[in-house]
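Chain letters run A, B, ... following the sequence lines, proteins first, then strands; residues in each count from 1. From a predicted model like this one, the values you see are computed outputs, not experimental measurements.
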Amino acid sequence: MTQNIFTAMAEQVRAALTALYPDLPADVLARVQVEPPREAAHGDMATNAALVIAKPARLPPAKIAAALVEKLAALPVVEAAEAAGPGFVNLRLKESHLAGQITVMLGAGEAYGDSAIGAGRRVNVEYVSANPTGPMHVGHCRGAVVGDALANLLGKAGFAVTKEYYVNDAGAQVAALGWAAYWRYLRVIEPNLEEWTAEQVEHRFGVTLQYRGDYLVAVGEALAEHHGASLAPQRIEGTPSAAQAAAGVASALELGWFVDRAWLDMARERAVAMMMIAIREDLELLGVTQEVFLSERALVEANATDAAIAALEAKGLLYEGVLEPPKGKTPDDWEPRPQLLFRSTGFGDDVDRPLKKSDGSNTYFANDIACHADKLKRGYDLLIDVWGADHGGYVSRMGAAVKALSDGRVPLEVVLCQIVHVMKAGEPVRMSKRAGTYVTLRDLIEEVGRDAVRFTMLTRKSDAQMEFDLDKVVEQTRENPVFYVQYAHARCRSVLRQAGEPSGAALTAAPLEHLRDKAELDLIRRLISWPRVVEAAAMAREPHRIAFFLHDLAADFHVLWNRGREDSTLRFIREDEPGATAARLALVAATASVIRSGLGVMGVTPVEEMR
RNA sequence: GCGCCCUUAGCUCAGUUGGAUAGAGCAACAGCCUUCUAAGCUGUGGGUCGGUGGUUCGAAUCCACCAGGGCGCGCCA
């Protein structure tokens, strides 16, 4: 039993059509839609049925519409039906039926809008997946919010959702992190700091210290605390022993220093562990909680990449080949080279993609295939990844790999998030790691608050660029959608408090026929579209639609509130009219509930009052 | 050079998967508000939906080509 009265009516329309024209094919019936008309004057619902079936039924739309009008007008919930335009049938519902939906809302509470459209399909939503090489910054923020809200949305729409974070704790970047952590460690244990500047360490060990931020100081201290000076580099006289050569870092040995690879591993592991703790704290500040953290390194160590490659090999999808250089932009050091390629062009990709680097190690792509193979092994029906737009060129190859591994059974959908430009008083905030001016996620949340961050990140389509103005998101004006929606909820709560917090039973028993004002009915029409919005947003994977819906809903409520200023008989609480008061309180309670429901999807806390 | 994304009112953006006369906020203009619900309210003006073709009952939406902006293009992740 759906709460979406539009799809419920669509079923009635299909039943009527089948009674009139028994031979209509199923795919034609499936195209029959019932929607809210753009023009309120057209009624509460409109169906395109006559237009859709005109051709298969070989009848003019007007004639079908006329027959349909007769059938639909007889339905108990329908007040009036009429044919209009090129063949639409407009329906006006009985006001008692419209208002009766409030009873449904009050009964369901925040579960109103829950849908079964996902049919329990198991879906994995992977998002954030920031490299564990430092604290989260605003660049990660949008994907975190979009992914989290999308996962919530899918859950509300009846999918069985797993929220996942893929930890890129293997590869060159975390190796660089290990060196940086080791350098910080040296700064703690070596008394003579002039000997261990970043430049000297880089020169001495032939490495680049990519991550010099202060956030690794604590890692160095932790290493010193646990290992004392036992990881300190050793000076080597003469030729290193065979054992040292095997265990140590080659470039360091040439320069007369010995650093055991195992020490670097320890530095790297501790750094990654501490960064992940920091990242998870940041995510918690943002209200993001993911239940699976899948480690790339763990996959590699379990030979999952080899297994994934073998699986593709078994399907005959791998070969040794030479790629053409990209036309018009040949890299300077390009040289044709045979490499292990995945035949992704067989699955819609432009070129085949390499799985091995020239040194024989796996590419990031190969490990990512293992990651997705792992998800497939866990039995999902649908995989969704939320990525930054700069990974857009990666979509088709990953989709190809998932298609190949699942024999086409499991789709991979990728939601791309465009860049966020942080603004302060109309001026862009420059982001520079080196200058230390970049905005961490923590800074952002401390400045404007979690709820403003989350809401604002959902006020644009995810694939559109966005400006995030630190001043505007905390302004308490109508232009600020965060405030506007919160204010509507606070007003609802204020009314209910003043009314002495009526019980659920009292609200449910309200005589709803008192709700007759246009602003009241408009608000009801908005509320009843909530289940439909949830379904449409979930199927489109577009959580931002929830934010826009809430803004519209808030606008309808504010209009109603303002009507009471002009005409005091429209105020919510009227002591001389207990019936109207009860009905309006029910409407207000339903409004507050739907706002809470929507904010819940967005991960935003509704406020009881504005301060 | 190729691929993907984007282009809607002066500005920032929606547009219910192809529906009827394309919407909202800001800005502009006109009126209202001496707190019983004004951290405002009502109304007005504003558009070649980047351009040109095509598909059909119907296109901002789908297809082709073109223009402008963004991202990406073997051994980074």
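- Using modelled atom types, one finds a donor on one side chain and an acceptor on the other under 3.5 Å when comparing S361(A) with D359(A).
- Nearest heavy-atom pair across F549(A) and V594(A) is CE2-CG1, 3.9 Å.
- In this structure, CD of Q476(A) is placed 7 Å from C1' of A39(B), rounded to the nearest angstrom.
- Nucleic acid contact class of A46(A) (heavy atoms, under 4.0 Å, all strands): base.
- Closest contact between the side chain of R491(A) and the listed nucleotides A38(B), C76(B), A14(B) involves A38(B).
- Backbone-only contact: T477(A) has heavy atoms under 4.0 Å from sugar-phosphate atoms and none from a base.
- For the side-chain hydrogen bond (donor to acceptor under 3.5 Å, both in side chains) condition, the pairs that include at least one residue of residues 535-544 of chain A, sequence neighbours left out, are N4(A)-E535(A), S115(A)-E535(A), E413(A)-R541(A), E542(A)-R545(A).
- Separating the P atom of C5(B) from that of U42(B) is a span of 40 Å, rounded to the nearest Å.
- When heavy atoms are screened at a 4.0 angstrom cut-off, Q339(A) is found touching base atoms of the nucleic acid.
- Atom name P, nucleotides G43(B) and C26(B): the rounded distance is 13 Å, in whole Å.
- Taking 4.0 angstrom as the limit, R460(A) places a side-chain polar atom (N or O) nearer than this to OP1 or OP2 of C13(B).
- A distance of about 33 Å separates the P atoms of U12(B) and G54(B), rounded to the whole Å.
- For the P atom pair drawn from A60(B) and U55(B), the interatomic distance equals 16 Å after rounding to whole Å.
- Note on R493(A) versus E501(A): salt bridge recorded, some NZ/NE/NH1/NH2 to OD/OE distance being below 4.0 Å.
- Taking atom C1' in both G40(B) and U34(B), one finds a spacing of 15 Å when rounded to whole Å.
- R532(A) forms a cation-pi arrangement with F6(A), by the criterion of a distance under 6.0 Å to the ring centre and an angle within 45° of the ring axis.
- For R563(A) and D567(A), the salt-bridge test fails: no basic side-chain N is under 4.0 Å from an acidic carboxylate O.
- Listed nucleotides: G19(B), G3(B), U42(B). Nearest to the side chain of E35(A): G19(B).
- Among the atoms of the strands shown, base atoms are found under 4.0 Å from some heavy atom of Y394(A).
- Rounded to the nearest Å, the gap between the P atom of C11(B) and that of A30(B) is 22 Å.
- The side-chain hydrogen bond (donor to acceptor under 3.5 Å, both in side chains) analysis of residues 336-348 of chain A, with sequence neighbours excluded, yields the pairs R337(A)-Q339(A), S344(A)-D349(A), T345(A)-D352(A).
- Nucleic acid contact class of P61(A) (heavy atoms, under 4.0 Å, all strands): none.
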Exercise. Let me have a per-nucleotide readout for nucleotides 55-63 of chain B, 5' to 3', with B, S or -, counting only protein heavy atoms under 4.0 Å.
Key: -SB--B---
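- Within the nucleic acid shown, E335(A) comes within 4.0 Å of at least one base atom, counting heavy atoms only.
- Of the candidate nucleotides G74(B), C75(B), C5(B), C5(B) has the atom lying nearest to any side-chain atom of D463(A).
- Using a cutoff of 4.0 Å between basic side-chain nitrogens and carboxylate oxygens, R574(A) and D576(A) are scored as salt-bridged.
- Closest contact between the side chain of R532(A) and the listed nucleotides A20(B), U16(B), A77(B) involves U16(B).
- The side chain of A536(A) lies closest to U16(B), out of G15(B), A20(B), U16(B).
- Checked against side chain to side chain contact (heavy atoms under 4.5 Å, CB included), T208(A) has the following partners two or more places apart in sequence or in another chain: E202(A).
- Within 4.0 Å (heavy atoms only), A540(A) reaches at least one base atom of the nucleic acid.
- Taking atom CD1 of I369(A) as the reference point, atom P of A77(B) lies 14 Å away to the nearest angstrom.
- RNA chain B is contacted by both P354(A) and Q498(A); Q498(A) maps to the nucleotide lying nearer its 5′ end (nearest heavy atom per residue).
- Using a 4.0 Å cut-off between a side-chain N of Lys or Arg and a carboxylate O of Asp or Glu, K472(A) and E467(A) do not qualify as a salt bridge.
- Ion pairing between a basic and an acidic side chain is recognised when a charged N comes within 4.0 Å of a carboxylate O; D522(A) and R525(A) show such pairing.
- The interatomic distance linking R297(A) (CZ) with A77(B) (P) rounds to 12 Å, in whole Å.
- Residue D390(A) contributes atom CG, which lies 15 Å from atom P of G70(B) at whole-angstrom precision.
- Side chains of D385(A) and H372(A): a donor-acceptor N/O pair is present below 3.5 angstrom, by distance only.
- Picking from C75(B), A39(B), U17(B) the nucleotide with the shortest atom distance to the side chain of Q33(A) gives U17(B).
- A glycosidic torsion no more than 90° from 0 defines the syn conformation; U16(B) lies beyond that range and is anti.
- For T459(A) and Q418(A), each mapped to the nucleotide of RNA chain B holding its nearest heavy atom, the one lying further toward the 5' end belongs to T459(A).
- For the pair H42(A) and A20(B), the ring geometry qualifies as stacking, because the centroid separation is below 5.5 Å while the planes lie within an angle under 30°.
- Close to G15(B), at under 4.0 Å from its OP1 or OP2, lies a side-chain N or O of H544(A).
- Rounded to whole Å, the separation between the C1' atoms of A22(B) and G46(B) comes to 14 Å.
- P36(A) comes within 4.0 angstrom of a base, heavy atoms only.
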Quiz prompt | Evaluation steps, salt bridge (charged side-chain N to carboxylate O under 4.0 Å, His left out), between R92(A) and E82(A) | solution = CA-CA 9 Å; R92(A) 206 166 71 249; E82(A) 59 174 5; over 6 Å; no
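- Nucleic acid contact for A537(A): none, since no nucleic acid atom lies under 4.0 Å from a heavy atom of the residue.
- In RNA chain B, the stems built from three or more successive Watson-Crick or G-U pairs (distances below 3.5 Å) are B:1-7 with B:67-73, B:10-13 with B:23-26, B:28-32 with B:40-44, B:50-54 with B:62-66.
- Nucleic acid contact class of N90(A) (heavy atoms, under 4.0 Å, all strands): base.
- The separation between E467(A) atom CD and G69(B) atom P is 19 Å, rounded to whole Å.
- Here A39(B) is the nucleotide among U17(B), A39(B), C13(B) with the atom lying nearest to any side-chain atom of M610(A).
- The residue F548(A) sits close only to the backbone: its heavy atoms come under 4.0 Å of sugar-phosphate atoms, none of a base.
- The separation of G3(B) from C66(B), taken at their P atoms, amounts to 10 Å, rounded to a whole angstrom.
- For D350(A), the side-chain atoms get nearest to G3(B) when compared with the rest of G3(B), A14(B), G74(B).
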Quick one: which protein N/O atoms are closer than 3.5 Å to N/O atoms of nucleotides 24-28 of chain B? Pair and distance per line, please.
none

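- Comparing G15(B), A20(B), A39(B) against the side chain of K461(A) picks out G15(B) as the nearest.
- Salt bridge annotation for D169(A)-R297(A): absent, with no cationic side-chain nitrogen under 4.0 angstrom from a carboxylate oxygen.
- No more than 12 heavy atoms of other residues, nucleotides or ligands shown are found within 6.0 angstrom of CD on E335(A).
- Side chains of N367(A) and E296(A): a donor-acceptor N/O pair is present below 3.5 angstrom, by distance only.
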